Amino acid sequence: MLQAIRASGRREGAVDLLFLLPTLLILAGFLLYPLVYGIVLSVHDTQGFELTNFVGLDHYARAIFGDAVFHRSLLNTVLFTAAAVLLQTGLGLFLAVLVADVKRGRTFFQVVFFAPFVLAPVAVGAVWKFLYAPYFGIVPTVGSALGFDMKAVAPLADADTALWAIMAAFLWRFSGIVMVVYLAAIQALPRGYYEHAVLEGAGRFQRFRRITWPLLWPQTFILVLLTTIGTLRIFDMVWIMTAGGPSHATETVATDVYVTAFRFLQVGYAQALAMILLGLILLIAVVEYRILDRRAEAVSS
């Protein structure tokens, strides 16, 4: 009897695997093969897109020890990601707390703040590039309205401000989705906690610090992880607004990979840069997971 049950279980497992096989083959074709080919490409020199000489880890050594542009792009990427995670999460939470207290017109505010997220990044980059333009952009216009002579100010052309000017556009586009996630979580929190806190005399800030923020850790964990992974790969808005300039002040690893591969046709070296970025994404994601998941699990349980 026991053997018959085991045999039946094996048959069911084989049938399940048979149904999963097409999906596994598709995943292997679209994920595993490009990854393996990318690794092979990164250890070869190329003539255009054709493999030539095997160079081993020379591309990786060149990037890590001898490529100043890559070093700058890596620093910019890490700084931009750290600032984006902190500011985007903070701003989205702040907006969610404000909108949660709105009694009428809450849907309107949700739509207004969420709308930039559904816009194409190319369109967002182009609009903000226009807004930053000297003489007729938003910065010189506001400066002139305040009585300052800022007609020739161009934030995207200044190496000291260009990266953070892009950050403003980035926050405008993505803070709305963070707000929507936090708002849904806040509305799902048990009201009894707040009622008890009010009876105990807790003020608004105390209720936020003692109840709202701790209970939002599962959402914070997911948002921080996804924002980190997405921002480390940022390309489109940076490319549209500055193309990595001026003087590589806004160069990211993704733009550096693009330029190296398609402008200088050093495809093997560009793939090595991309593999280093992949390794960085995996490392940071694992660290964040180890740090944040334990606290998120404690709240969920």
Side-chain angles (χ1 to χ4, degrees), residues 2-60 63-64 70 74 77 81 85 117-122 174 177 181 218-219 221-239 252-290 292-293 296-297 300:
L2 183 59
Q3 290 180 348
I5 293 175
R6 288 177 178 174
S8 176
R10 284 195 294 268
R11 285 195 298 270
E12 290 179 0
V15 172
D16 292 342
L17 182 60
L18 188 63
F19 280 109
L20 286 174
L21 191 58
T23 303
L24 295 175
L25 291 175
I26 292 173
L27 288 175
F30 285 95
L31 296 177
L32 184 60
Y33 173 75
L35 178 62
V36 173
Y37 182 72
I39 295 173
V40 172
L41 189 61
S42 71
V43 295
H44 283 82
D45 273 333
T46 56
Q47 184 70 37
F49 289 89
E50 297 293 328
L51 300 180
T52 55
N53 302 322
F54 176 78
V55 296
L57 299 178
D58 287 356
H59 287 157
Y60 293 91
I64 295 171
F70 176 69
L74 190 60
T77 301
T81 300
V85 170
F117 177 72
V118 302
L119 299 177
V122 173
F174 287 104
I177 183 63
V181 172
Q219 290 74 26
F221 165 61
I222 297 298
L223 288 170
V224 167
L225 194 62
L226 293 180
T227 301
T228 300
I229 293 173
T231 309
L232 284 170
R233 300 181 294 109
I234 186 171
F235 170 79
D236 36 29
M237 289 180 61
V238 174
W239 187 256
T252 65
V253 176
T255 60
D256 191 18
V257 168
Y258 179 84
V259 170
T260 303
F262 297 105
R263 184 172 295 175
F264 299 118
L265 296 180
Q266 299 177 14
V267 181
Y269 181 59
Q271 184 60 44
L273 300 182
M275 296 306 297
I276 293 174
L277 176 61
L278 176 60
L280 178 66
I281 291 173
L282 292 175
L283 176 62
I284 294 178
V286 168
V287 171
E288 287 184 342
Y289 183 87
R290 294 290 297 272
L292 299 175
D293 181 60
E297 285 289 340
S300 299

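Atoms considered below: every heavy atom in the structure, side chains included; atoms not considered: hydrogens, waters and symmetry mates. Predicted, not measured: the structure shown is a model, and the values here were computed from it.
Under the side-chain hydrogen bond (donor to acceptor under 3.5 Å, both in side chains) criterion, T77 pairs with no residue, sequence neighbours left out.
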*Verdict with reasoning, Q271 to Y37, per side chain to side chain contact (heavy atoms under 4.5 Å, CB included)*: CA-CA 10 Å; Q271 184 60 44; Y37 182 72; over 6 Å; no

*Does the side chain to side chain contact (heavy atoms under 4.5 Å, CB included) test come out yes or no for L278 and L35, once each step is laid out?*
CA-CA 10 Å; L278 176 60; L35 178 62; 3.8 Å; yes

*asked:* If you apply the rule side chain to side chain contact (heavy atoms under 4.5 Å, CB included), what do you find for V257 with L277, and how did you get there?
replied: CA-CA 10 Å; V257 168; L277 176 61; 5.8 Å; no

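Atom CG of L223 is separated from atom CD1 of I177 by 8.5 Å, given to the nearest 0.5 angstrom. The OG1 atom of T227 sits 9.0 Å away from atom CD of E288, with the distance rounded to the nearest 0.5 Å. To the nearest 0.5 angstrom, F264 atom CZ is 9.0 Å from D256 atom CG. Here the CG-CD distance, from L273 to Q266, works out to 9.0 Å after rounding to the nearest 0.5 Å. Going from atom CG of L32 over to atom CG of L25 covers 11.0 Å, rounded to the nearest 0.5 Å.
Side-chain contact between L225 and L292: absent, with no pair of heavy atoms (C-beta onward) separated by less than 4.5 Å. L280 places none of its side-chain heavy atoms less than 4.5 Å from the side chain of V253. Within the 4.5 Å cutoff, side-chain heavy atoms of I276 are placed close to those of F70.
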Please table the atom pairs, donor to acceptor, closer than 3.5 Å between any side-chain atom in residues 43-51 and protein atoms at least two apart or in another chain.
| from | atom 1 | to | atom 2 | distance (Å) |
| --- | --- | --- | --- | --- |
| H44 | ND1 | V40 | O | 2.7 |
| D45 | OD1 | H59 | NE2 | 3.1 |
| T46 | OG1 | V267 | N | 3.4 |
| T46 | OG1 | G268 | N | 3.4 |

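Checking side-chain atoms of S42 against main-chain N and O of I39 turns up a donor-acceptor pair under 3.5 Å.
Other residues, nucleotides and ligands place more than 12 heavy atoms under 6.0 Å from the CZ atom of F54.
Scanning all heavy atoms of the two residues, the minimum distance from T252 to I234 falls at OG1-O, 3.2 Å.
Note: F262 and Y258 have tilted aromatic rings, judged against thresholds of 30 and 60 degrees for the angle between ring planes.
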